[in-house]
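In what follows, a single structure is set out as structure tokens and then discussed.
One-based numbering, in listed order, for ligands and for the atoms of each.
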Amino acid sequence: MSSSTAIPWKELREQARHATTTSYAPYSHVTVGACAITVDGRIVVGANVENASYGLTLCAECSLVSDLTRLGGGRLRAVSIVAGDGQPIAPCGRCRQVLFEHGGNELLIDAGDGVDPTSLGELLPGAFGPEDLGLRSN
Ligand code: THU
């Protein structure tokens with residue numbers, strides 16, 4: 001898929017919703033799923049994984065980035081993050097940073113039906129990233 005191809009938001013949201021069924025969320029009972037498309041058209045998914053030591057919880061976006069890496073890496077183009085009701089939720093602060101590493105300012109974040117997607121650059125302005133270390137991101 002080239003960067004001019006339309007983003008399949010409906011599919012991303014549906015797969016994110018499906019991923020919520022694989023969440024491990026016995027503490028908050030908030031299931032979260034994430035689904036992204038890479039710039040070369042691959043689909044990656046994730047779901048939140050909680051821990052009895054609450055602060056060690058892995059958000060859905062962390063799980064998604066793990067899936068991305070497992071499937072060969074590359075750049076994220078667009079991502080939908082939803083709760084169990086299928087409605088998009090905002091990525092938490094930590095996950096904005098985690099996503100920035102793999103999508104940068106241009107990564108598009110689903111903001112819901114009939115609403116323009118948000119760019120990660122809008123959600124995390126002035127981000128610290130690989131460039132600040134003089135490194136490429138992949
Ligand atoms: N959660 C995510 O998976 N991603 C976010 O960006 C926000 C929060 C999860 C973590 C926890 O399992 C549950 O939502 C409640 O905070």
Side-chain angles (χ1 to χ4, degrees):
M1 172 179 288
S2 82
S3 56
S4 62
T5 313
I7 293 165
W9 287 112
K10 188 165 180 285
E11 183 191 348
L12 297 187
R13 210 175 295 162
E14 280 172 5
Q15 290 214 35
R17 170 85 181 274
H18 179 71
T20 67
T21 66
T22 67
S23 290
Y24 175 73
Y27 306 109
S28 76
H29 302 290
V30 176
T31 59
V32 180
C35 179
I37 189 162
T38 61
V39 295
D40 60 0
R42 287 170 296 130
I43 296 289
V44 291
V45 296
N48 56 331
V49 180
E50 297 187 343
N51 192 279
S53 179
Y54 298 162
L56 299 184
T57 287
L58 304 176
C59 286
E61 298 91 321
C62 296
S63 171
L64 178 142
V65 162
S66 174
D67 200 36
L68 173 71
T69 303
R70 185 180 64 85
L71 293 172
R75 299 291 285 174
L76 298 174
R77 181 176 178 221
V79 62
S80 183
I81 305 148
V82 307
D85 63 2
Q87 293 306 306
I89 60 166
C92 78
R94 178 176 183 266
C95 288
R96 294 176 193 202
Q97 181 70 37
V98 169
L99 290 172
F100 182 79
E101 183 84 12
H102 303 279
N105 289 322
E106 312 308 315
L107 175 62
L108 293 174
I109 316 281
D110 187 10
D113 250 342
V115 182
D116 283 343
T118 314
S119 74
L120 187 54
E122 290 174 86
L123 294 183
L124 190 67
F128 176 87
E131 308 295 325
D132 294 295
L133 298 175
L135 297 174
R136 285 171 46 86
S137 57
N138 57 10

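Here the side chains of Thr38 and Leu71 are not in contact, with every heavy-atom distance at 4.5 Å or above. With contacts defined as side-chain heavy-atom distances shorter than 4.5 Å, the pair Ile43/Glu11 qualifies.
Of the possible polar contacts, none joining the Arg96 side chain to the Leu120 backbone as a donor-acceptor pair under 3.5 Å is found. Distance alone, capped at 3.5 Å, is enough to place a donor-acceptor pair between the Glu50 side chain and the Ser28 backbone.
Under the 4.5 Å side-chain heavy-atom criterion for Ile, Leu, Val, Met, Phe, Trp and Tyr, Val82 and Val65 are members of distinct hydrophobic clusters.
Partner of Thr31 under the side chain to side chain contact (heavy atoms under 4.5 Å, CB included) criterion, out of Thr22, Thr20, Asp85: Thr20 alone.
Listed as neighbours of ligand 1 are Ser28, Val30, Val32, Asn48, Glu50, Thr57, Cys59, Ala60, Glu61, Ala90, Pro91, Cys92, each bearing a heavy atom under 4.0 Å from the ligand.
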